[in-house]
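A, B, ... follow the sequence lines: proteins, then strands. Residue 1 opens every chain.
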Protein chains: 2
Amino acid sequence: MTTSEPSRPRRPHDRRPTLEAVAARAGVSRATVSRVVNGGTGVRDAVRERVRRAVDELGYVPNSAARSLVTRRTGAVAVVIGEPETRVFSDPFFGRQLRGISRELSAADTQLLLLFVQHRDDHARIGRYLAAGHVDGALMFSLHDGDPLPAMAERCQLPTVYGGRPDWPGADRAPRPLFVDTDNRDGARQAVRHLLDRGRRRIAVITGPLDQTSALDRLDGYRDALGVADPDPRLIADGGFTAEGGERAMARLLAAAPDLDAVFVCSDLMASGALRTLRAQGRRVPGDVAVVGYDDLEPAAWADPPLTTVRQDVEEMGRLMARLLLRRLGAGPEAGEELAPVITAARLVVRESS
Amino acid sequence: MTTSEPSRPRRPHDRRPTLEAVAARAGVSRATVSRVVNGGTGVRDAVRERVRRAVDELGYVPNSAARSLVTRRTGAVAVVIGEPETRVFSDPFFGRQLRGISRELSAADTQLLLLFVQHRDDHARIGRYLAAGHVDGALMFSLHDGDPLPAMAERCQLPTVYGGRPDWPGADRAPRPLFVDTDNRDGARQAVRHLLDRGRRRIAVITGPLDQTSALDRLDGYRDALGVADPDPRLIADGGFTAEGGERAMARLLAAAPDLDAVFVCSDLMASGALRTLRAQGRRVPGDVAVVGYDDLEPAAWADPPLTTVRQDVEEMGRLMARLLLRRLGAGPEAGEELAPVITAARLVVRESS
DNA sequence: ACGGATGATGAGAGCGCTCTCACCCGTACC
DNA sequence: GGTACGGGTGAGAGCGCTCTCATCATCCGT
């Protein structure tokens with residue numbers, strides 16, 4: 001031999017076995033193997049066994065691309081969070097929600113695909129990704145007003161469930177969005193009423209970013225409880241739903257209204273920041289200033305003193321979102337009509353900070 | 001008309017436009033449209049323009065399943081974390097690493113797919129998922145000894161990069177794993193030496209779970225610095241890399257060795273727990289007990305007092321992992337030979353707790 | 001014993017895309 | 001004027017799978 005053959009373009013060794021190969025080995029047709037690999041009804045036991053063995057011996061795993069090309073199903077759903085990971089991974093709220101979602105999805109053998117919105121231009125990228133049919137549906141939460149994602153999902157008819165009532169483009173147009181939310185307004189009302197009951201009169205509020213419906217609703221609940229449509233603006237500060245934001249907002253409030261005797265903080269994480277500021281400025285909690293948080297997550301229990309807060313079952317909300325989406329996907333196109341948004345209750349949990 | 005036709009099986013209205021449709025509209029062949037949509041070389045400007053317009057008008061988005069069926073590329077990589085989400089979302093370490101990874105991947109227009117290992121049986125599910133060709137490669141971290149995932153990835157020849165030196169199945173066999181790690185042993189040595197320099201003599205250690213190489217390496221560094229192969233076992237406790245674990249481990253140490261005057265805690269999160277215990281038991285930091293952490297993440301800066309700790313650039317490590325994997329994927333099959341594990345340096349950051 | 005259920009199996013047509021190869025036509029060269 | 005060349009374009013063969021139908025046993029009732 002002088003020169004060996006040029007290397008073949010096809011390298012069978014790095015090719016995973018296909019249905020065809022399994023069929024050949026088991027001495028049946030592709031169709032039969034497919035039947036066994038999937039549902040597996042209508043195949044004689046002896047044949048099924050032979051196919052199973054062939055699958056094992058060859059280490060056959062179905063090619064997902066080929067499969068979803070014909071079924072138009074991918075077995076995956078996207079979770080889109082309208083925040084940069086920095087926030088997502090520092091606020092336990094997201095972890096909890098994601099946990100509920102992931103539990104429910106993996107029980108249904110559905111993959112979870114996590115997407116973060118970092119920059120403005122990420123919207124386009126994510127929109128393209130969703131439109132490309134990588135996923136069967138989407139779960140979106142922590143979106144901010146004017147986010148183009150809902151409209152994009154709508155346009156490419158991607159089944160979507162929102163966490164928190166979304167800022168919906170064509171407000172009352174036919175296709176109503178599916179979402180899971182807590183009764184934020186009522187939760188806030190409970191918190192502020194509790195402070196009033198405790199005899200507090202100068203009650204401040206640290207809000208979330210007001211381009212989110214949840215933050216807005218909680219602020220509305222604060223107004224409801226106070227019974228004033230237009231409360232003293234010196235008592236309102238935006239803490240952006242972060243610990244540092246809460247820290248700074250508290251400082252601003254103390255500067256603008258040194259006489260405040262209570263503060264309703266719209267998330268536990270912000271409350272932990274607010275407590276730091278209060279401690280630093282020598283105000284006792286709850287002696288000088290009573291504090292109520294929102295969420296009832298780790299920061300509330302760990303806080304010093306432990307935080308009175310409004311409990312919402314975040315994990316359950318995640319589960320509900322996933323369940324809603326799965327139903328939406330599983331049912332026929334019009335069976336979806338029965339599905340409706342879910343609003344869960346909020347409940348005050350009294351601890352030592354108020 | 002008496003009865004309308006039975007509804008057609010095909011519903012063209014819910015079908016997204018295909019290459020074929022774009023080709024027809026632009027008056028060219030599928031091949032040409034494909035050329036424009038992808039690289040786009042070798043097409044006359046006029047034609048390219050016409051195709052572009054057709055794409056826009058139809059709102060065409062390539063079908064990813066069809067594409068990856070033929071290209072054998074998915075444009076996505078999996079990130080597998082060997083911990084339940086509970087931990088992932090409460091330890092800022094993961095968030096940081098993920099952030100580095102996600103930055104690098106999205107710059108390369110590659111999707112990130114997050115998978116958690118919750119239960120024992122998740123391994124099988126994840127293995128199947130990886131084998132099914134949903135992703136082009138994987139990034140795995142926080143794996144524990146004896147985890148079958150590396151072997152699975154190896155078997156289906158999935159390009160993989162590990163975060164932290166993995167517990168490698170065939171130790172010295174040919175295919176060496178690709179990983180990114182910090183010099184944990186040296187970092188620990190620095191921390192403990194620093195405590196010795198400060199005159200401490202009874203130095204305890206709170207370790208991570210000892211089935212992880214990073215925890216093991218740090219414990220080795222502790223031994224190195226003390227210069228004893230077999231330190232007093234009363235000075236060693238496992239904190240499991242969680243805040244509560246650190247809290248409990250500190251309590252155990254104080255009970256077993258009340259005379260300890262310093263503790264090297266192998267993660268900031270555990271250190272925050274340890275500080276709680278010390279405070280609760282009335283030990284002053286650093287007066288009575290000096291504390292050094294590891295990681296230099298938020299808990300270190302926020303701690304009271306601010307924590308002396310060992311800094312590792314976690315985000316950068318994430319970025320390095322992603323970059324390594326992308327190179328591995330981009331390069332030809334044998335060009336991969338040049339790629340080697342990366343070990344970054346650790347550096348002590350002195351603050352007020354020591 | 002025979003027509004008609006019934007149930008297991010195989011043949012084959014796509015799903016939407018990429019990519020090779022052949023083709024066409026215009027330009028350059030002898 | 002013929003040959004060679006090369007860039008732009010189209011035809012068509014798959015990628016690996018699912019699913020509809022046709023086919024063929026098998027078994028029942030009369």
Side-chain angles (χ1 to χ4, degrees), chain A residues 6 8-12 14-51 54-55 58-75 131-134 136 156, chain B residues 6 8-12 14-51 54-55 58-75 131-134 136 156:
Chain A
R8 308 253 189 74
R10 48 177 51 210
R11 291 157 292 175
D14 71 350
R15 269 286 203 279
R16 285 163 30 205
T18 71
L19 250 204
E20 191 78 47
V22 177
R25 183 171 195 114
V28 296
S29 73
R30 281 205 318 277
T32 298
V33 179
S34 177
R35 273 186 277 262
V36 172
V37 170
N38 301 312
T41 75
V43 179
R44 264 188 5 247
D45 284 0
V47 177
R48 189 203 316 284
E49 209 30 61
R50 227 165 55 225
V51 171
V55 166
L58 261 36
Y60 169 76
V61 181
N63 177 314
S64 58
R67 177 179 278 178
S68 70
L69 177 57
V70 30
T71 59
R72 295 161 183 292
R73 285 296 228 105
T74 63
H134 282 106
D136 300 331
C156 60
Chain B
R8 308 254 190 70
R10 48 176 52 210
R11 291 158 294 176
D14 72 351
R15 272 281 203 282
R16 285 163 30 206
T18 71
L19 251 203
E20 190 78 49
V22 177
R25 182 172 194 112
V28 297
S29 72
R30 283 205 315 280
T32 299
V33 179
S34 177
R35 273 187 276 260
V36 172
V37 170
N38 302 310
T41 74
V43 179
R44 265 194 355 250
D45 284 0
V47 176
R48 189 204 317 283
E49 208 32 62
R50 226 163 57 224
V51 172
V55 165
L58 261 35
Y60 169 76
V61 182
N63 177 315
S64 58
R67 176 179 280 177
S68 70
L69 177 57
V70 27
T71 58
R72 297 163 181 292
R73 284 299 226 104
T74 64
H134 282 106
D136 300 332
C156 60

For this session: Going 5' to 3' through nucleotides 4-12 of chain D, assign each nucleotide B (protein heavy atom under 4.0 Å from a base atom), S (under 4.0 Å only from sugar-phosphate atoms) or - (no protein heavy atom that close).
Result: ----SBBBB

Exercise. With respect to the phosphate group of C:dA8, does any side-chain polar atom (N or O) of A:Arg48 fall under 4.0 Å of OP1 or OP2?
Worked result: no

Exercise. B:Arg25: what forms a salt bridge (Lys or Arg N to Asp or Glu O under 4.0 Å) with it, not counting sequence neighbours?
Worked result: B:Glu57

Problem set entry | Residues that A:Arg72 engages under side-chain hydrogen bond (donor to acceptor under 3.5 Å, both in side chains), provided they are two or more places apart | none

Exercise. Who pairs with B:Arg44 by side-chain contact (heavy atoms from CB on, under 4.5 Å), at least two apart in sequence or on another chain?
Worked result: B:Val47

Exercise. Taking five pairs at each end of the helix from C:dA1-D:dT30 to C:dC30-D:dG1, what angle separates the two helix axes (nearest 10°)?
Worked result: 50°

Seminar exercise, completed: Residue set satisfying side-chain hydrogen bond (donor to acceptor under 3.5 Å, both in side chains) with A:Ser34, at least two apart, ordered chain then number -> A:Asn38

For this session: Would you please name every residue forming a salt bridge (Lys or Arg N to Asp or Glu O under 4.0 Å) with A:Arg48, sequence neighbours left out?
Result: A:Asp45

Problem set entry | Under the salt bridge (Lys or Arg N to Asp or Glu O under 4.0 Å) test, residues paired with B:Arg35 that sit two or more places apart | none

Exercise. Do you know the tightest heavy-atom contact between B:Asp136 and B:Gly75?
Worked result: OD2-N, 2.8 Å

Problem set entry | Phosphate contact (C:dC15 OP1 or OP2) by B:Asn63 side-chain N/O below 4.0 Å | no

Exercise. For A:Ser34 and D:dC17, is the shortest distance between a side-chain N/O and OP1 or OP2 below 4.0 Å?
Worked result: no

Exercise. Excluding sequence neighbours, so at least two apart, what forms salt bridge (Lys or Arg N to Asp or Glu O under 4.0 Å) with B:Glu20?
Worked result: B:Arg30

